[in-house]
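Just so you know, these numbers use all the heavy atoms, side chains as well, and skip hydrogens, waters and symmetry mates. Convention: sequence-line order gives letters A, B, ...; per-chain numbering from 1.
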2 protein chains.
Amino acid sequence: MTTTSPQGRTELLRPDGSPVRVLVVDDELSITELLSMALRYEGWQIRSAGDGQGAVQTAREFRPDAVVLDMMLPDMDGLAVLGRLRRDLPDVPVLFLTAKDAVEDRIAGLTAGGDDYVTKPFSLEEVVARLRGLIRRSGAADRRSDSVLVVGDLTLDEDSHEVSRAGENIHLTATEFELLRFLMRNPRRVLSKAQILDRVWSYDFGGQANVVELYISYLRRKIDAGREPMIHTRRGAGYLIKPAAS
Amino acid sequence: MTTTSPQGRTELLRPDGSPVRVLVVDDELSITELLSMALRYEGWQIRSAGDGQGAVQTAREFRPDAVVLDMMLPDMDGLAVLGRLRRDLPDVPVLFLTAKDAVEDRIAGLTAGGDDYVTKPFSLEEVVARLRGLIRRSGAADRRSDSVLVVGDLTLDEDSHEVSRAGENIHLTATEFELLRFLMRNPRRVLSKAQILDRVWSYDFGGQANVVELYISYLRRKIDAGREPMIHTRRGAGYLIKPAAS
DNA sequence: CGGATATCTGTGATTTTCCTGAGAAACGCA
DNA sequence: TGCGTTTCTCAGGAAAATCACAGATATCCG
């Protein structure tokens with residue numbers, strides 16, 4: 001089931017209308033805090049745990065619809081935690097967090113059951129998008145919710161990564177795609193450059209803040225080129241996207 | 001009976017509309033976990049057992065539509081388990097798991113009755129495909145005909161392993177075939193290299209992740225050669241297949 | 001109008017990702 | 001056993017994406 005909030009954001013809800021529940025497991029407090037904040041903002045109910053022991057315990061009682069699980073925990077191996085979790089909650093989908101340079105070997109099989117993973121450092125958009133996908137596919141949320149965002153004559157398909165305006169296909173790079181997704185998930189809403197940077201770029205991004213301007217510029221070339229513009233600048237505040245008509 | 005989920009995946013269902021039930025029997029926990037995960041993701045209902053004793057007991061009560069049975073169990077010989085299973089469930093199809101170097105002729109006799117087998121280490125695509133075939137043929141799920149995947153002018157027959165594009169026959173090696181099958185079972189959906197690796201290569205594959213790139217390259221030469229391409233790269237995300245038209 | 005500030009965008013260096021040829025090793029089969 | 005096929009590693013090179021920098025342009029406000 002999905003509902004649309006007054007701000008125009010669509011939220012995933014469970015079939016009974018209650019909020020989706022997500023358990024976040026990571027030993028670094030800064031990460032759990034970051035994730036908890038971002039995921040709460042999605043309208044989800046969040047609990048967190050700092051080790052495998054706590055994860056299993058919390059899961060048993062909290063009964064989450066999805067779990068975000070760091071593979072590197074102080075007390076247990078991530079796979080061991082997974083096993084225990086699955087004993088109580090056989091169908092819960094898991095999003096694994098793995099270190100980028102952690103030799104690519106131990107990733108084997110992680111996505112096999114419909115689970116997914118992201119590498120640290122991640123961007124929040126990435127985590128949220130993957131989680132939404134997992135929850136959508138697990139059936140914890142109404143299955144009818146589909147993977148296509150629509151704003152005016154602009155559409156973005158989160159499964160096929162296809163973007164089109166007025167029926168015409170548009171190729172975007174990975175970063176452009178994530179930026180547009182963030183804008184489209186918050187239509188008619190001004191998003192500051194800081195918000196965009198925090199959401200779309202990975203949390204350890206240390207570059208110039210004007211990458212946002214740069215990528216907005218790229219997007220405009222591809223999406224607004226020669227058409228009624230949909231991406232608007234609010235000087236001193238940020239950017240927003242809205243249907244061309246209004 | 002089959003239904004199509006919102007993601008475009010077709011699921012096998014029993015004639016009465018309930019999910020197909022599969023019993024997994026293996027003494028290695030990692031194997032039963034891996035299989036349970038993957039098979040559950042197919043929309044099936046899974047139970048597992050770690051020995052022959054448990055298998056027979058669970059089968060009696062669970063009444064599965066198919067069984068995945070390791071030939072090498074701690075307490076009983078696989079054949080003994082089979083015998084007992086058949087006493088309760090005379091028609092249930094069985095997929096045997098055998099070690100690579102196991103005596104082949106013993107198995108050959110068994111598969112004559114419509115059963116099938118795969119050797120360890122297997123790939124999940126292989127197991128899922130064989131199991132689908134067994135269930136389809138056993139009549140536990142109706143619709144015994146349709147073993148052909150079609151995407152645009154490309155067709156792949158899961159029974160005969162025949163592949164053709166625009167009517168022209170194409171020879172694929174075993175790995176190429178499984179990769180293409182996985183792509184075609186998820187048309188218009190971006191599949192990451194990790195997902196492909198987890199699904200198409202055997203669970204103990206420890207090699208370079210760029211085999212996926214290599215085999216995509218092979219497939220393109222055979223399928224897209226001189227034609228409108230159907231296999232597309234989404235840089236930084238993965239690959240997808242879709243009809244040439246769109 | 002003119003300066004201050006904010007935003008836009010062209011250029012190109014760097015990095016990342018992908019593709020593919022060559023050949024080694026394993027396999028299947030006669 | 002020997003030969004053709006298949007699988008896979010390795011590495012070079014091509015292509016694409018990301019981003020810093022800086023000058024151009026737009027907007028605001030006195």
Looking at residues at least two apart in the chain, or sitting in another chain, which of them share a salt bridge (Lys or Arg N to Asp or Glu O under 4.0 Å) with [X]?
X	value
B/Arg181	B/Glu125, B/Glu158, B/Glu178
A/Asp224	A/Arg165
A/Arg86	A/Asp115
B/Glu168	B/Arg227

Partner set under ring-ring contact (aromatic ring centres under 6.0 Å, His included) for B/Tyr239, not counting sequence neighbours: none
Side chain to side chain contact (heavy atoms under 4.5 Å, CB included) partners for [X], two or more places apart:
X	result
A/Val150	A/Val148, A/Thr155
A/Ala237	A/Val190, A/Arg234
A/Ser30	A/Glu28

Covered region of DNA chain C, 5' end to 3' end, by chain A [heavy atoms, under 4.0 Å]: C/dT5 to C/dG10
Verify salt bridge (charged side-chain N to carboxylate O under 4.0 Å, His left out) between B/Arg40 and B/Glu33, making sure each step is shown before the conclusion. CA-CA 10 Å; B/Arg40 221 169 248 135; B/Glu33 293 270 312; over 6 Å; no
Given axes from five pairs at either end, by how many degrees does the helix from C/dC1-D/dG30 to C/dA30-D/dT1 bend, rounded to 10°? 30°
Donor-acceptor pairs under 3.5 Å, side chain of residues 207-219 of chain B to any protein atom, not counting sequence neighbours: which ones?
unit_1, atom_1, unit_2, atom_2, d
B/Glu213, OE2, B/Lys193, NZ, 2.8
B/Ser217, OG, B/Arg221, NH2, 3.3

Reading nucleotides 6-18 of chain D from the 5' end, what letters show protein touch, with B for base, S for backbone sugar-phosphate only, - for no heavy atom under 4.0 Å? SBBBBB---BSSB
At under 4.0 Å between heavy atoms, what does B/Tyr239 touch on the DNA or RNA strands: base, sugar-phosphate, or nothing? sugar-phosphate
